[in-house]
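In what follows, every chain begins at residue 1, and chains take the letters A, B, ... in the order their sequences are listed.
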Amino acid sequence: MNKKVRVRFAPSPTGGLHIGGMRTVLFNYLFAKHNNGDFILRIEDTDQNRFVPGAEEYIFECLKWCGLEPDESVLHGGGYAPYRQSERKELYKQYAEQLVKEGKAYYAFDTPAELEEKRKTVPNFQYSQLTRSEMKNSLTLDEDAVQKLLAENIPHVTRIKMPHDETVGFVDMIRGAVNFNTSQVDDKVLLKADGMPTYHLAVVVDDYLMKITHAFRGEEWLPSSPVHILLWQYLFGIENMPEWAHLPLILKPDGKGKLSKRDGDRLGFPVFTMNWTDPKTGELTAGFRERGFLPEAFINFLALLGWNDGSEQEIFTIEELIKKFSIERVHKAGAKFDYEKAKWFNHEWIKRSTVNSLQLTLKPLLINAGVEVNDDEKLKTAIELVKDRCTLLPDFVQQSSFFFQSPKEIDINSIKPKWNEHKQQFFAELIHVYGLSTLWNHEELENSFKELAAASQIKPGDVLLPLRIMLVGGKFGPHVFNIAEVLGKKETINRIKHTLSLLSSELNG
RNA sequence: GGCCGGUUCGUCUAUCGGCUAGGACAUCUCCCUUUCACGGAGGAAAGACGGGUUCGAUUCCCGUACCGGCUACCA
């Protein structure tokens, strides 16, 4: 019988959550749910110098917004607590000690300053089997000296002792067999001078202790995998190592390299999941949520960045993604981020969303933008009428505010050049006709409008645009008679009168 | 520099030896629309290069080039 699938996302709470990280969350989540497994969130806060207040809460908020809730975490509980590595500090030391005892690791007493100096003077310096004999460590110092340093609490780290000329490898779920020669790998630090483990030790220990069965991480981790493989061998048995998949990177749309938050500022698109303000610098990095993305669209877009189900389908609900996801179908190569395509996904999702669900997120957004939304039914009608022309949620402000309040600006310049007494007369009569109308719906309004135009010997096309500008304020929006229907008789007539008075003063002046 | 990974239209991708190389975004043309969109029809646009293997290679192998990642007491 197979073990229950358990996967983890293990972010370091040092700032905003990049879309690459969010995609790793998504793939973890989809894989877990596809296999009826558990999704664990583990906080990797072993670097105390990089602690950023609020970052952890922010990560949870991002997951919540996307609906990708962990089964186990600091917040959700679970049988493998604590889920914060800083709270597991004491656990790691024994494993490091075990490795030293078995001759698979050693203490190193070189100070950071000494190492820095070394790197300055020796090009491409690596603390490795080539150089460790000339450094200050428990391999070069005699036993008494080491014991003395230890007894004096001289700061030191524990390094893995990479074996000579061995091939270590594994089968990546996405890339297939990957092999390394241990002679090429340096003696990575396992336990830092402050007693905290590095990522290398912590990830292996915790993946074992938390019974992780499959581990997904970015491609940038590939080069350190031989260290992790060796640790599994030494500590827990290679047969217990999770299956690994190294995810392709998300690249800059222009230039080269992986996408960074700076690219967003530079090119004008969000890179983080939600807005993030650096508590130290106050610098704000834009997020997809605040930019007006629907979480469904955001997830759909992320899933398709590097994965597809082999068909031509592009729009997927989360349920479909769970059903169809397979890690083997993840593309090997990195993908350049395409903001236009991301917006297309959002537009598609807006068009497909029901008025009721849109109304829920849109109402506060509109009120916040100063639109006086006082009638939910009217709001729903307005959303139905304009949603096809909104790509991002804030587009609804411009596209629907005129339903609730008369336009602040009227683009009178688009009417003026062709304005004349005849048209002025037509609209004066239109006010009269509309005032008498008993059936206020768009068909009737259009009919009586056209009848009046014919009677006035005026082409409907010549007065349609002016009418639109009177009601909307500009050259946009849904069909003008639909708008008039929603506005109602009184408001429609008022707006016509208002613009008419503006125009007549223009005409006379 | 060394190690590891990658390479199909401008971009995201399909293809698991038979291809007239398919789709989507963007772009262009037209239709619909007396606004802006939506929608519909169509166009242009790709297998880095060189060797093998094979009846046949985009697909398999090897080299080269190029791109990327890593090379911290950061993750």
Of the listed nucleotides B/C73, B/U71, B/G5, the one nearest the side chain of A/Val178: B/G5
So what does A/Gly474 touch, heavy atoms closer than 4.0 Å: a base, only the sugar-phosphate, or nothing? nothing
Looking for any heavy atom pair under 4.0 Å, which part of the strands does A/Leu304 touch: base, sugar-phosphate only, or nothing? sugar-phosphate
Of B/C25, B/A14, B/G6, the nucleotide closest to the side chain of A/Asp338 is B/C25
Would you indicate which nucleotide in B/A75, B/U35, B/G6 comes nearest to any side-chain atom of A/Arg389? B/U35
What's the gap between B/G47 and B/C28 when it is taken at their P atoms, as a whole Å value? 24 Å
With the side chain of A/Phe180 defined as its heavy atoms from C-beta on, choose the nearest nucleotide among B/C3, B/U35, B/U15. B/C3
Is a donor on one side and an acceptor on the other found under 3.5 Å between the side chain of A/Thr46 and the backbone of A/Met196? no
Glycosidic conformation of B/C62, taking syn as within 90° of 0 and anti otherwise: anti
Please tell me which of the listed nucleotides, B/U35, B/G39, B/C25, lies nearest to the side chain of A/Lys351? B/G39
Please indicate whether A/Tyr208 has more than 12 foreign heavy atoms, meaning atoms of other residues, nucleotides or ligands, lying under 6.0 Å from its OH. no
Is A/Arg329 close enough to B/U15 that one of its side-chain N or O atoms is under 4.0 Å from OP1 or OP2 there? yes
B/A24 -> Watson-Crick or G-U wobble partner, both distances under 3.5 Å, gives B/U11
Tell me what A/Asn181 touches on the nucleic acid: a base, only sugar-phosphate, or nothing, going by heavy atoms under 4.0 Å. nothing
Tell which nucleotide pairs with B/C16, taking only Watson-Crick or G-U wobble pairs whose two distances are both under 3.5 angstrom. none
From B/C70, B/A24, B/G22, pick the nucleotide closest to the side chain of A/Glu312? B/G22
Base-pairing assignment for B/G5 (Watson-Crick or G-U wobble, both under 3.5 Å): B/C67
With rounding to the closest Å, how many angstrom separate the P atoms on B/C16 and B/A21? 15 Å
Are more than 12 heavy atoms from other residues, nucleotides or ligands located less than 6.0 Å from atom NZ of A/Lys93? no
Under 4.0 angstrom, heavy atoms only, what part of the nucleic acid is A/Thr182 near: base, sugar-phosphate, or nothing? nothing
Take atom P in B/G10 and the same atom in B/A46, then report the distance between them in whole Å. 7 Å
Are A/Trp307 and A/Phe27 near enough that their ring centres are under 6.0 Å apart? no
Tell me which nucleotide, if any, is Watson-Crick or G-U wobble paired with B/A46 when both distances must be under 3.5 Å. none
Sort out the partner of B/U29 for me: Watson-Crick or G-U wobble, both distances under 3.5 Å, none otherwise. B/A41
Taking only the C1' atom of each, what is the distance from B/U64 to B/U20 in whole angstrom? 32 Å
If you only use heavy atoms from C-beta on, which nucleotide in B/G5, B/U33, B/A75 is closest to the side chain of A/His479? B/U33
Parallel, tilted or perpendicular: which fits the ring planes of A/Phe288 and A/Phe298, with parallel below 30° and perpendicular above 60°? tilted
Say we look at B/U11 and B/A44: how far apart would their C1' atoms be, to the nearest angstrom? 16 Å
A/Lys416 charged N/C atom sitting above A/Trp419 aromatic ring, 6.0 Å / 45°: no
Considering only heavy side-chain atoms of A/Arg50, the closest of B/A14, B/A75, B/U71 is B/A75
OP1 or OP2 of B/A14 versus the side-chain N and O atoms of A/His331: is any pair under 4.0 Å? yes
